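Here's the structure, in structure tokens; my notes come after.
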Amino acid sequence: MEIKIKKSGSAKLTMHDGKDFELPMYSGAVGPDVIDIRTLYRDSGAFTFDPGFTSTASCESQITYIDGNAGTLLYRGYPIDQLAEKSTFLEVSYLLLNGELPNKDQLEDFTHSVTYHTMLHAQFDAFFNGFRRDAHPMAIVCGAVGALSAFYHDSTDINDPHQRKVASLRMIAKMPTIAARAYKFSIGQPFVDPRNELSYAENFLRMCFAVPCEDYEVNKVLARAMDKIFILHADHEQNASTSTVRLAGSSGANPFACIAAGVACLWGPAHGGANEAALNMLTEIGSVDRIPEYLAKAKDRNDPFRLMGFGHRVYKNYDPRAKVMQETCHEVLAVTGQKDDPILQVAMELERIALSDPYFIEKKLYPNIDFYSGITLKAMGFPTTMFTVLFALARTVGWIAQWSEMLSDPSQKIGRPRQVYTGAPERDYVDLSQR
Ligand code: ACO
């Protein structure tokens with residue numbers, strides 16, 4: 001990776017003892033400037049304190065840019081809505097990994113490479129069968145992705161660019177097969193093998209919903225919707241799971257284990273699990289006439305209830321992914337015959353009322369991607385336990401692109417945050433008989 005940050009000035013820090021420190025400042029292509037504190041501890045003896053990394057850029061990156069105030073999300077400079085409308089998930093994957101949109105030959109070559117890596121080693125199925133019958137699909141995916149490192153020894157040398165590329169293709173290609181098998185196992189149905197003549201999304205839908213006793217034809221509208229959902233979730237700069245993958249990878253760990261760490265982090269309800277919470281809330285509201293009651297609860301400071309699928313740490317404007325998700329939701333419900341679904345009516349009315357309510361306007365609370373994705377995935381036939389698995393499948397390419405970028409960054413070091421220690425000071429060991 002070519003270092004592109006530019007020195008833009010300096011910041012002065014005056015300590016309580018009156019000593020001054022001059023810290024360099026840098027600019028990226030767009031977005032806020034950063035203060036370089038790398039030498040601060042060495043020179044001043046003080047750390048900075050930023051739990052949750054709300055003011056800390058952990059790396060330089062050229063993959064994804066978010067402007068939360070403007071409601072902008074760019075992959076390699078391209079707006080997410082344009083990519084969702086005009087591109088495909090595999091083209092977007094190539095873009096995220098390589099920095100530029102592919103030409104026709106490059107896209108064909110990449111598509112072929114992914115398509116011809118979709119099968120899992122035959123012994124891998126025995127691994128699935130070792131899980132408890134009622135295992136959560138996300139638990140299976142987490143374990144199975146980590147287990148890839150035990151099956152593909154020829155692509156774990158992270159210092160060899162060719163092996164890194166093979167590991168990346170394998171991850172992107174095998175993730176749908178793993179995700180679909182996790183689902184099939186959890187519902188007690190036989191595994192369905194990948195088909196090379198189908199697109200990435202079509203193949204995934206078939207592996208999830210086909211059964212051996214009848215033919216399965218992939219619905220084109222649903223396949224396109226699935227592909228768009230994958231595009232919308234493909235990357236989101238230094239979020240918790242991506243930072244986890246980078247941190248795991250910073251020690252030189254093998255790629256499959258790093259992605260398993262990302263899957264584990266994504267599983268949490270504060271990250272990948274919010275769409276399930278949004279769907280549960282809409283189901284609980286149940287009908288349009290109950291909306292005022294729930295809005296009052298959301299605005300009551302003494303009530304812990306929050307409007308699920310509203311608000312975002314970074315977006316203080318309409319989440320650009322939510323707009324595409326809303327359109328996709330309407331397209332899906334039209335073909336599944338659920339356009340009059342009361343849950344959709346509740347969602348649309350809730351959005352309309354909340355967007356004109358002073359509480360939500362003042363606090364800049366807008367629908368996020370999770371507001372409509374739960375309804376859409378449910379209509380496509382996925383149970384709620386699969387929602388985060390689908391997110392992990394799509395985000396794998398982002399994790400891989402960020403992991404790869406980190407390894408090629410000459411300033412990369414093992415990630416090792418410091419702490420403010422507030423535990424017991426040094427004391428002598430007390431013998432058991434005297435405690
Ligand atoms: N409903 C009602 N009030 C809300 C909501 C909400 N969904 N979200 C934030 N607020 C209020 C808070 O109570 C707070 O009010 P106060 O200033 O009077 O104390 C104010 O808005 C600011 O909220 P914070 O919690 O400080 O904002 P933060 O950036 O920490 O939170 C978060 C962002 C966690 C996403 C929050 O908006 C939330 O809980 N939303 C609902 C859950 C959700 O949809 N999560 C998905 C996020 S998207 C994703 O992960 C892909």
Side-chain angles (χ1 to χ4, degrees), residues 50-56 64 66-69 71-73 75 80 84 138 228-244 262-285 291-326 328-329 346-347 350-377 384 387-395 398-399:
D50 185 17
F53 304 108
T54 48
S55 295
T56 298
T64 291
I66 303 171
D67 181 338
N69 292 325
T72 306
L73 169 62
Y75 291 167
I80 190 68
M138 200 59 180
K228 271 193 203 176
I229 293 171
F230 290 159
I231 293 173
L232 296 180
H233 289 88
D235 196 47
H236 213 226
E237 52 119 308
Q238 307 310 318
N239 57 84
S241 58
T242 301
S243 299
T244 301
V263 175
C265 179
L266 185 75
W267 196 354
H271 194 1
N275 51 12
E276 183 174 342
L279 179 65
N280 290 342
M281 178 196 73
L282 293 170
T283 310
E284 192 184 309
I285 298 175
I291 291 175
E293 183 194 325
Y294 281 83
L295 278 179
K297 273 163 73 68
K299 293 193 277 186
D300 181 353
R301 280 182 150 268
N302 300 317
D303 192 325
F305 175 79
R306 281 186 164 196
L307 218 51
M308 288 295 126
F310 261 76
H312 196 276
R313 172 59 64 79
V314 181
Y315 293 116
K316 301 302 170 197
N317 201 325
Y318 210 103
D319 177 344
R321 302 167 302 171
K323 284 194 186 128
V324 182
M325 200 65 240
Q326 188 203 51
T328 309
C329 182
V346 171
L350 184 61
E351 180 185 348
R352 192 189 65 77
I353 300 176
L355 288 179
S356 56
D357 187 303
Y359 173 94
F360 292 90
I361 294 170
E362 268 163 34
K363 294 188 188 300
K364 299 190 174 160
L365 298 170
Y366 294 85
N368 59 51
I369 187 170
D370 294 318
F371 191 65
Y372 283 101
S373 65
I375 316 174
T376 315
L377 295 173
T384 48
F387 291 1
T388 324
V389 171
L390 299 170
F391 192 162
L393 190 173
R395 185 56 57 85
W399 290 332

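In this text the structure is predicted, and so the values were computed from the model without any measurement. Whatever order the structure lists them in is the order used to number ligands and atoms, beginning at 1. This chain uses plain numbering: 1 for the first residue, then up along the sequence.
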- Query: For atom 47 (C) of ligand 1, what's the nearest protein heavy atom and its distance?
  - Reply: Asn368 ND2, 3.7 Å

- Message: Considering non-hydrogen atoms of the protein only, which is the closest contact for atom 6 (C) of ligand 1, and what is the distance?
- Response: Leu307 N, 3.7 Å

- Identify the protein heavy atom lying closest to atom 23 (O) of ligand 1, giving its residue, its atom name and the separation to 0.1 Å. Arg306 NH2, 3.9 Å

- Quick one: look up the protein heavy atom nearest atom 9 (C) of ligand 1 and list residue, atom name and how far away it is. Leu365 CD2, 3.4 Å

- closest protein heavy atom to atom 51 (C) of ligand 1 is Asp370 OD2, 3.4 Å

- Message: Tell me whether Phe305 at atom CZ has more than 12 heavy atoms from other residues, nucleotides or ligands lying less than 6.0 Å away.
- Response: yes

- Message: Within the structure provided, determine whether Thr283 and Leu279 are in side-chain contact (heavy-atom separation under 4.5 Å).
- Response: yes

- Message: Looking at ligand 1, would Lys316 count as a contact under a 4.0 Å heavy-atom criterion?
- Response: yes

- Query: Mind checking whether Phe391 and His236 have ring centres under 6.0 Å apart?
  - Reply: no

- Message: Just to confirm my output: which protein heavy-atom neighbour is closest to atom 18 (O) of ligand 1, and how far is it?
- Response: Arg301 NH2, 2.7 Å

- Task: Please write down residue, atom name and distance for the protein heavy atom closest to atom 17 (O) of ligand 1.
- Result: Lys363 NZ, 3.4 Å

- Task: Can you pull out the closest protein heavy atom to atom 42 (C) of ligand 1? Residue, atom name and distance to 0.1 Å, please.
- Result: Met308 SD, 3.6 Å

